[in-house]
Asks: 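My questions all concern the structure below.
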Amino acid sequence: MSATPSIGVLGLQGDTAEHLAALGGLGVPGTPVTRPERLDDVQGLIIPGGESTTMAKLAVRYELMEPLRKHVAEGMPVYGTCAGMIMLADRVLDGIEDQQTIGGIDMTVRRNAFGRQTESFEANVRIEGAGEAPFDAVFIRAPWVESVGEDVRVLGRVTYGEKAGRIVAVRQGGLLATSFHPELTGDPRLHRLFVEMVKGQA
Ligand code: GLN
């Protein structure tokens with residue numbers, strides 16, 4: 001793997017620009033991906049927050065869904081935040097009828113679990129492998145992980161309040177997912193972890 005990998009950010013819908021800025025802050029060239037051929041030019045992919053139902057429909061319309069599944073099956077490292085976490089889930093609760101996902105992580109996520117509409121929720125969450133200090137985690141109509149299969153490592157949970165114990169960060173092989181949005185709070189540690197994963201160093 002090259003010293004500085006090129007990382008794509010799915011650019012169909014959602015906060016693509018914020019992820020590109022977060023990568024840029026780490027000196028990693030990020031490139032928006034809106035066409036299937038672009039997947040061959042990148043060594044890793046970030047799927048941003050946004051709206052998973054819309055993102056999935058656009059992925060089908062732009063003929064990206066199958067290529068995305070193929071790259072995940074072939075081992076491309078992918079990091080999904082919020083709606084991106086839903087896109088990586090094998091199973092979705094409270095989705096729309098026939099909601100499609102890329103899948104790859106053996107988990108069931110519940111959509112809009114932290115509150116519907118404009119509700120958001122903030123908490124300090126420690127993430128295994130991303131330093132001792134907790135993240136200022138911002139959840140915007142966020143999913144949580146309801147259950148995981150045995151190959152999935154839970155990296156973080158909400159630790160206090162009525163949502164205590166809820167799983168909000170997981171990893172399965174080269175696939176990483178968080179319910180919250182580190183790209184919105186200027187904390188580079190999860191992007192750094194993902195870059196190390198892409199380099200095969202984490
Ligand atoms: N509720 C959104 C969904 O279902 C996710 C929200 C977000 O990404 N901030 O996709």
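Since the structure is predicted, the reported quantities are computational estimates derived from the model, not experimental observations. First listed ligand is number 1; within each ligand, the first listed atom is number 1.
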Asks: Pick whichever of A113, S120, G49, G50 has a heavy atom sitting closest to atom 5 (C) of ligand 1.
Replies: G50
Asks: Is the shortest distance from a Lys or Arg side-chain nitrogen in E74 or K70 to a carboxylate oxygen in the other one below 4.0 Å?
Replies: yes
Asks: Which residue and non-hydrogen atom of the protein lie closest to atom 4 (O) of ligand 1, and at what distance in Å?
Replies: R111 NE, 2.6 Å
Asks: Between I86 and ligand 1, is there a nitrogen or oxygen pair with a distance under 3.5 Å?
Replies: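 No, no N or O pair falls under 3.5 Å.
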Asks: Which protein non-hydrogen atom lies closest to atom 10 (O) of ligand 1, naming both residue and atom, and how far is it?
Replies: S52 N, 2.4 Å
Asks: Which residues satisfy the side chain to side chain donor-acceptor pair (under 3.5 Å) test with E18, sequence neighbours excluded?
Replies: none
Asks: Any salt bridge linking E196 with K199? Criterion: basic side-chain nitrogen under 4.0 Å from a carboxylate oxygen.
Replies: no
Asks: Does this structure show an ion pair linking R153 with E128, if we count only N-O contacts that are shorter than 4.0 Å?
Replies: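 A salt bridge is present here (some side-chain N lies under 4.0 Å from a carboxylate O).
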Asks: Identify the protein heavy atom lying closest to atom 1 (N) of ligand 1, giving its residue, its atom name and the separation to 0.1 Å.
Replies: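 Result: N112 OD1, 2.6 Å.
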Asks: Side chain of Q43, backbone of V198: donor and acceptor closer than 3.5 Å?
Replies: no
Asks: Could you check whether R189 pairs with E132 (Lys NZ or Arg NE/NH1/NH2 to Asp/Glu carboxylate O, under 4.0 Å)?
Replies: no
Asks: Is P143 close to ligand 1, meaning an N/O of one under 3.5 Å from an N/O of the other?
Replies: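 Looking only at distances, the answer is no, because the N/O contact criterion of under 3.5 Å is not met.
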Asks: Heavy-atom contacts under 4.0 Å between M55 and ligand 1: side chain, backbone, both, or neither?
Replies: neither
Asks: N/O to N/O below 3.5 Å, does that happen between C82 and ligand 1?
Replies: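 For ligand 1, there is no N or O atom that lies under 3.5 Å from one belonging to C82.
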